[in-house]
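Data block below; observations after.
So you know, we letter chains A, B, ... as the sequences are listed, proteins then strands, and number each from 1.
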Amino acid sequence: MRTSKLYAPTLRETPAEAEVISHQLMLRAGFIRKAAGGIYNYLPLAWRVLKKIERIVREEMDAAGGQELLLPIVLPAEMWQETGRWDVYGDEMFRLKDRHGRDFCLGPTHEEMITTLIRDEVRSYRQLPLLLYQIQNKFRDERRPRFGLMRGREFIMKDLYSFDRDEAGLDISYKKMYDAYSNVFTRCGLTFRPVEADPGAIGGKGSHEFMVIAEAGEAGIVYCDGGCDYAANVEKAELHPIAAPAAAPLALELKDTPGTKTIAAVADFLGLPADRTVKTLAYATDKGLVIALVRGDHEVNEIKVQNAVGCIALEMADEAAIAAAGTSPGFMGPIGIKNAIVVADNTVMKMANTVVGANQGDRHYVNVNPGRDFTPDIVADIRLIQEGDPCPRCGTPVKAARGIEVGQVFKLYTKYSRKLNATYLDENGQEQVMVMGTYGIGISRTMAAAIEQNNDANGIIWPAAIAPFQAVVIPVNNADPGQRELAERMYADLTAAGLETVLDDRDERAGVKFKDADLIGYPLKVTVGAKAVAEQRVEVKTRRGGETHFFPLAEATAAVKDLLAKL
RNA sequence: CGGGGCGUAGCGCAGUUUGGUAGCGCGUUCGGUUCGGGACCGAAAGGUCGCAGGUUCAAAUCCUGUCGCCCCGACCA
């Protein structure tokens, strides 16, 4: 490819709409252009990267026994109504009607379609396990698309579905996918970490997310750096109750604590550390008002509360809802509260002579002993893990990081196969429900994640395996026939040797070409200047690390190939 | 959906407070000089000031409505 013909409009300045680095660089380097919020055009450079990622994904999926197919994007409503997700998905689903008024949606995911596809034709245990996948655009009308390709409304996803006879089979399929995903992201040159995840609304029990470690990541993760390899999404990370020092229970007492609406204020007023108090938060849910209790210095993990209560919707209750429950913001507590589900963190139950709000303004109870003075409806681990908390496996203090979720693997069990009647006959002629798994990779998000993790002040630094081109040849002065000729020759030789090469044949000054090359992020830059012509050698610079090598012309092609292989 | 910010040339922005001929930088085109890290000189093209309505002799500017975009929050297979 010649730069003079390449459709890659680069920008000197960063468009104002882009906040995160991957978004900025993809716009500046001419990879993407926006069509609407969260919807992008992929220009030739981006498309080349995406195809490379897809290729790696295909190879790994095929190696793991997957078969590629292609399901429709436009999906009829009926199957979604069968599983109940037509309603559950809500506004996040792009919906449309055909000319007859029949309901359709643009596929946000394909559990329904794949399951209804195979249920009639897979009838025997002999046909299982079955691993089917596709790579396709997905549509989710996100409430808030953001960060360029990181959270779009239309995005490219690989989705694989496994169908097994039983849970043992699912475990095998799940392991294959887990390993395949590790291979994919390793081959893409990414620093990532599989973490335990909360399965969320899709249901099922086991789940891991593959997180590319990056500051711009939307997800918080914790990992054990010492004793073991535990790693989890903060939403999921378990915490064992912390034992409190033994203390003789004192008599419950109601105290005036004027103006102490925060834990810090109460603790200060009573002369106690925050970890001797209990924090109470109120949530409005589809099951009514929920009061969550954690130790004063801890934070509530809302996902865990949601799971403990078994509710679908959960948000902080407003003042009106709190007042309706007969309590007062800043002075809420479990003692005497009515019309609310009280959920206590397991650590709270270990506390003695603690402090809770008295459900009336400016008053707290002191010397509160959980179990004696109040009995929660639910006791569970509802605490949000923080850096330094003990690893649930080995007790070593955990580290915190941020991650971009580029893949997720789920054990669905029979959640969809049961609702959609995907059954088979076993050896004994008994009808059994298929056991399913679902496995996604965000292809376009992986591209963005790769940039988040690989960039510098000058632009993108592509991992060689997914770079749009592997090398760029730059004649320093295009007006010099000797340089032009030598550059043409290098370009032809490298191309013939199977390297994806760009020749920057533009009549631009060297600086412009170097800047564009760095911005786009070609792994290798082959520079042809006056010295190269005089001495019959070329200069090759690596984008990552910036080392410069000189090679005699005769050896240049082999040396470039060699260098690339080492990247 | 709640809160905040922004829509003026391809990109980055000024002009809006106080209404009066729409500007600057970059980029683009043409001519010339230059040529190893975003050159210089000269000429030129390019804008319904997001959209609609209103006030006014006169609206980018004031008022009302509306659409879009970005950020924070909520939410997120």
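Every salt bridge (Lys or Arg N to Asp or Glu O under 4.0 Å) that A/Glu17 has, sequence neighbours left out, goes to A/Lys34. Residues passing the ring-ring contact (aromatic ring centres under 6.0 Å, His included) test with A/Phe31 are A/Trp462, sequence neighbours excluded. Legend: residues meeting side-chain contact (heavy atoms from CB on, under 4.5 Å) with A/Lys515, ordered by chain and number and at least two apart, are A/Asn458. Considering only residues two or more places apart in sequence or on other chains, A/Pro44 meets the side-chain contact (heavy atoms from CB on, under 4.5 Å) condition with A/Tyr7. Residues passing the salt bridge (Lys or Arg N to Asp or Glu O under 4.0 Å) test with A/Lys279, sequence neighbours excluded: A/Glu299. Under the side-chain contact (heavy atoms from CB on, under 4.5 Å) criterion, A/Ala8 pairs with A/Leu6, A/Leu45, sequence neighbours left out. Partners of A/His23 by ring-ring contact (aromatic ring centres under 6.0 Å, His included), not counting sequence neighbours, listed by chain and number: A/Tyr40. Every residue meeting the ring-ring contact (aromatic ring centres under 6.0 Å, His included) condition with A/Tyr178, not counting sequence neighbours, appears here in chain and number order: A/His208, A/Phe210.
Separation of atoms CG (A/Leu420) and NZ (A/Lys415) is listed at 11.0 Å; rounding is to 0.5 Å.
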Under 3.5 Å between N/O atoms: give me all the protein pairs with nucleotides 23-25 of chain B, atom names plus distance.
{"unit_1": "B/G25", "atom_1": "N2", "unit_2": "A/Glu13", "atom_2": "OE1", "d": "2.8"}

All N/O pairs under 3.5 Å across the protein-nucleotides 4-8 of chain B interface:
none

Protein-nucleotides 70-74 of chain B N/O pairs closer than 3.5 Å?
{"unit_1": "B/C72", "atom_1": "OP2", "unit_2": "A/Arg144", "atom_2": "NH1", "d": "3.4"}
{"unit_1": "B/C72", "atom_1": "OP2", "unit_2": "A/Arg144", "atom_2": "NH2", "d": "2.1"}
{"unit_1": "B/G73", "atom_1": "N7", "unit_2": "A/Arg144", "atom_2": "NH1", "d": "3.4"}

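Residue-level contact check: A/Pro15 touches the backbone only, with heavy atoms under 4.0 Å from sugar-phosphate atoms and none from bases.
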For nucleotides 34-40 of chain B, read 5' to 3', which letter fits each nucleotide if B means a protein heavy atom sits under 4.0 Å from the base, S means only the sugar-phosphate is that close, and - means neither? BBBBBB-
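Residue A/Glu142 contributes atom CD, which lies 14 Å from atom P of B/C69 at whole-angstrom precision. One interatomic measurement links the two molecules: NZ of A/Lys138 to P of B/C76, which rounds to 20 Å at whole-angstrom precision. Rounded to an integer number of Å, the gap from A/Ile404 CD1 to B/C76 C1' is 16 Å.
Note that A/Arg193 lies in the cation-pi zone of A/Tyr223, set by a 6.0 Å cut-off to the ring centre and a 45° limit from the axis.
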Hey, mind stepping through A/Gln136 and A/Lys138 against side chain to side chain donor-acceptor pair (under 3.5 Å) and telling me if it holds? CA-CA 6 Å; A/Gln136 165 197 75; A/Lys138 292 285 189 279; 2.7 Å; yes
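Between A/Tyr181 and A/Phe185, the angle of the ring planes goes over 60°, which puts this pair in the perpendicular group of the 30/60° scheme. Between A/Trp80 and A/Tyr89, the ring-plane angle classifies as perpendicular under the 30° and 60° cut-offs.
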